[in-house]
Amino acid sequence: HVLIYAFVSLDPATHTIKVFDEWLDINLKNFEKFTNLKSVNPNLKVLVALGGWTDSQNNAGAYKTLFATPSLRTKFIQ
């Protein structure tokens, strides 16, 4: 089974991921609760989705730069 957490966003300055909604993801501990699901089912794969409509529209230039630049893609993956 696979669950996908939606969403994190792209930091346009560093081309790395960042929290999209600090109140939901961090303050309410939803990101922690999501990853803790693996303790209930160790075979569960948990993934995180990057973007979403708002982020991909507001940061379209940053995504375009990330996708077009091999060194930024390598940094992002690591």
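Residue indices begin at 1 and follow the sequence shown. Heavy atoms only: backbone and side chains are in, while hydrogens, waters and symmetry mates are out.
Applying the side chain to side chain contact (heavy atoms under 4.5 Å, CB included) rule to Q57 yields the partners W53; only residues at least two apart in sequence or on another chain are considered. A search for side chain to side chain contact (heavy atoms under 4.5 Å, CB included) contacts involving V40 returns nothing, not counting sequence neighbours. Remark: I77 engages no residue in a side chain to side chain contact (heavy atoms under 4.5 Å, CB included) (not counting sequence neighbours). By the side-chain hydrogen bond (donor to acceptor under 3.5 Å, both in side chains) test, T69 pairs with no residue at all, sequence neighbours left out. Looking at residues two or more places apart in sequence or on another chain, you find a side chain to side chain contact (heavy atoms under 4.5 Å, CB included) between N27 and E22, W23. With sequence neighbours left out, D55 forms a side-chain hydrogen bond (donor to acceptor under 3.5 Å, both in side chains) with N59, Y63.
Cluster partners of I4, by chain and number: V2, L47. The rule joins Ile, Leu, Val, Met, Phe, Trp and Tyr whenever side-chain heavy atoms lie under 4.5 Å apart. Clustering of Ile, Leu, Val, Met, Phe, Trp and Tyr side chains at separations under 4.5 Å places V19 together with I26. Hydrophobic cluster of F20: no remaining members, since no ILVMFWY side chain lies below 4.5 Å from it.
Residues F76 and L10 form a side-chain contact, since some pair of their non-hydrogen atoms from C-beta on lies under 4.5 Å apart. With a 4.5 Å cut-off on side-chain heavy atoms, N43 and H1 do not count as touching. I17 has its side chain out of reach of D11: every pair of non-hydrogen atoms, C-beta onward, lies at least 4.5 Å apart.
R73 approaches A68 most closely through the heavy-atom pair NH1-C, 3.8 Å.
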Evaluate side-chain contact (heavy atoms from CB on, under 4.5 Å) for V8 paired with K18, printing each intermediate quantity in order. CA-CA 6 Å; V8 294; K18 68 178 184 175; over 6 Å; no
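Hydrophobic clustering (ILVMFWY, side-chain heavy atoms < 4.5 Å, transitive): F7 and L50 are in distinct clusters. Cluster annotation: L37 and L28 are assigned to distinct hydrophobic clusters (Ile/Leu/Val/Met/Phe/Trp/Tyr, side-chain heavy-atom contacts under 4.5 Å, transitive).
To the nearest 0.5 angstrom, L72 atom CG is 10.0 Å from T16 atom OG1. Atom CG in N36 sits 11.5 Å away from atom CG in L44 (nearest 0.5 Å).
For K38, the NZ atom is densely surrounded, since the number of other residues' heavy atoms within 6.0 Å is greater than 12.
Within the structure, ring pair (Phe, Tyr, Trp, His ring centres under 6.0 Å) pairs that include any residue of residues 29-52 comprise Y5-F31, Y5-F34 (at least two apart or interchain).
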